[in-house]
Amino acid sequence: MTRTSDDPNRRRGLRQALDQLGVEAPALWWSLLYFFCLLTGYYVLRPVREAMAASSDIEAVFPRAMIAFFADRGVSLGEFALQVIFTSVFLIMLVLQPVYGWLVSRFPRRLFLPVIYGFFILTLLLFYAMFDSGMPGRGLAFILWITVFNLFAVAVFWSFMADVFDNVQARACYGYIGAAGTVGAFLGPLLTKALVIRLGVANMMLVSAVMLGLCVVCLLRLRHYAVRRERARSLASGERPMGGEIMAGLKLIAREPLLRWLALMVVMGVGVGTLLYNEQNAIARAAFSNAEQRANYFATLDLAVNTLTLVVQLLLTRRILSRFGIAPALLIPGFAIILGFSILAASPLPLLVAVVQVVTRASEFSLAKPARETIYTRVGREWRYKAGAAIDTVIYRGGDLTFVWLHKLLSAFGSSVVFGAGLLVAGTMTVGAWRLLREERKLPAERGG
């Protein structure tokens, strides 16, 4: 009897909480499930990517023809593995950006969203066959693929969320949606730790494919809420092709001050992460002898990042965004990174590198990323789907490319020089955040497009 009487009270309390957020329950639950499945699928594979990038078996990463090409010119590919990988990723992004622009310009949302995720599912099945057969060069192909997958799939997710939620709802909900993704990011490494040594790397591809299939189900169920919001606010409908130029995203970034500062902030944030990432790879390569051990190590590091991220998302993100706006969420990570790099420049110990990386990534996921994404609820669809995607793909990877080569140069002078340069990068990122806030205040409460 007690359970029967308590259940309606619990449901009533949940409805009241959702009413306070101004959000329909199904829209929030499907969004939570969507991001949970997306990040579970990614984090199952992320330790595999890190293990391949840090691998000392050069033939597992690069095709033999590519190794021979560099060897004939007196260059050891193993010494420039990360630089070659990041350069290749950037070139692929340049090729894919107009393809993506054409897709979102010519087709309605109900078509191009499932097509994007369907493409990733099919390619995962191909990678299953490649890893199962031990095909040489599988590492490079997989690293390139998962980098493209991470950027495009997550960028599309947040663009779609800006169709479903308005700005007030986004500030209330994005922290919780991010937390659902963080739970998925917890589960992914746990699945990898539990399964990779017993089942092998290839079967992780199938686990990820199932998660992406569930993402397609979620986005189809959420489409109704996006349509309802667009009609209620007389916004441009996502059920019709967006139109416009294929390269409109990059042109908008060049033209609009807000997007330029947003792009600068993202590039500098990438620079901070890349410098830390490369140092972390050097540590893992020296400490672990095989791919399974490295995958286990990176999975542990991901768990630490996700623990801190989840705590902040559940306890602080909504309160900060709803009460104070996006300013603290953008500036606090910048100041934290400046402090961390100051410590590393003075004492670049391996444990401190790991700690700063955990704080850096956690503050990005729990505060800076949700804050930036709320801005897209107040702009038009071309800003969201084209400019936003361009920043998260081409601009992002351009920053990666710049800083991975800069790290190669700076690392010759020691870790203290690397982290000293990182301190300047973190300072520039914080200035970019401040200028972004000035431009954000000029936006109307919500804008159609």
Side-chain angles (χ1 to χ4, degrees), residues 39 42-43 45-54 82 85-86 143 146-147 150 154 178 181-182 185-186 188-189 192-193 265-288 293-313 332-369 396 399-400 403-404 406-408 410-411 414-430:
L39 288 201
Y42 170 64
Y43 273 89
L45 301 179
R46 192 177 191 277
V48 178
R49 183 197 73 174
E50 307 290 22
M52 299 305 296
L82 287 176
I85 289 169
F86 279 59
I143 291 168
I146 195 172
T147 304
N150 177 40
V154 174
T182 302
F186 265 116
T192 301
K193 286 173 70 71
M265 184 182 173
V266 168
V267 167
M268 293 300 108
V270 169
V272 169
T274 299
L275 295 175
L276 279 170
Y277 174 82
N278 287 3
E279 291 297 315
Q280 197 71 48
N281 267 284
I283 292 170
R285 189 178 296 110
F288 304 106
Q293 289 177 335
R294 285 189 295 273
N296 186 70
Y297 166 76
F298 284 114
T300 302
L301 187 62
D302 283 340
L303 288 173
V305 171
N306 294 331
T307 299
L308 181 57
T309 300
L310 185 61
V311 170
V312 175
Q313 286 169 329
I332 289 173
F335 292 130
I337 294 168
I338 289 172
L339 176 61
F341 269 76
S342 299
I343 295 171
L344 291 177
S347 182
L349 299 175
L351 179 60
L352 289 177
V353 172
V355 170
V356 173
Q357 187 178 88
V358 169
V359 173
T360 298
R361 287 171 56 194
S363 64
E364 163 66 14
F365 299 149
S366 62
L367 293 175
K369 179 67 173 175
Y396 188 104
D400 255 347
F403 284 100
V404 77
L406 180 62
H407 176 269
K408 188 69 174 178
L410 295 176
S411 61
S415 294
S416 293
V417 173
V418 171
F419 293 122
L423 183 59
L424 295 176
V425 174
T428 305
M429 182 188 76
T430 306

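Positions are given from 1 along the sequence.
Remark: I143 CD1 to L45 CG distance equals 12.5 Å, nearest 0.5 Å. The distance from the CD1 atom of I337 to the OG atom of S363 is 4.5 Å, given to the nearest 0.5 Å. Here the straight-line distance linking atom CD of Q313 with atom CG of L308 works out to 9.5 Å at 0.5 Å rounding. Between atom CG of residue L39 and atom CZ of residue F365 there is a gap of 8.5 Å, rounded to the nearest 0.5 Å. To the nearest 0.5 Å, the span separating OG1 on T192 from CZ on R46 amounts to 11.5 Å. Interatomic distance, L275 CG to Q357 CD, rounded to the nearest 0.5 Å: 11.5 Å.
Looking at heavy atoms from C-beta onward, I343 lies out of side-chain contact with V356 at the 4.5 angstrom threshold.
For V267, the side-chain contact (heavy atoms from CB on, under 4.5 Å) criterion is met by I395, F403, not counting sequence neighbours. The side-chain contact (heavy atoms from CB on, under 4.5 Å) search around L423 returns I338, F341, S342, not counting sequence neighbours. Residues satisfying the side-chain contact (heavy atoms from CB on, under 4.5 Å) criterion with L410, sequence neighbours excluded, are L406, V417, V418, A421.
Of all heavy-atom pairs between A336 and V359, the closest is CB-CG1, 4.5 Å. Between G420 and A345, the shortest heavy-atom contact is N-CB, 4.0 Å.
Formation of a donor-acceptor pair under 3.5 Å by the S411 side chain with backbone atoms of K408 is found in this model.
The side chain to side chain contact (heavy atoms under 4.5 Å, CB included) test with V312 singles out one residue from L367, I332, T182, and that residue is L367. The residue from V305, T309, L310 that alone fulfils the side chain to side chain contact (heavy atoms under 4.5 Å, CB included) condition with F186 is L310.
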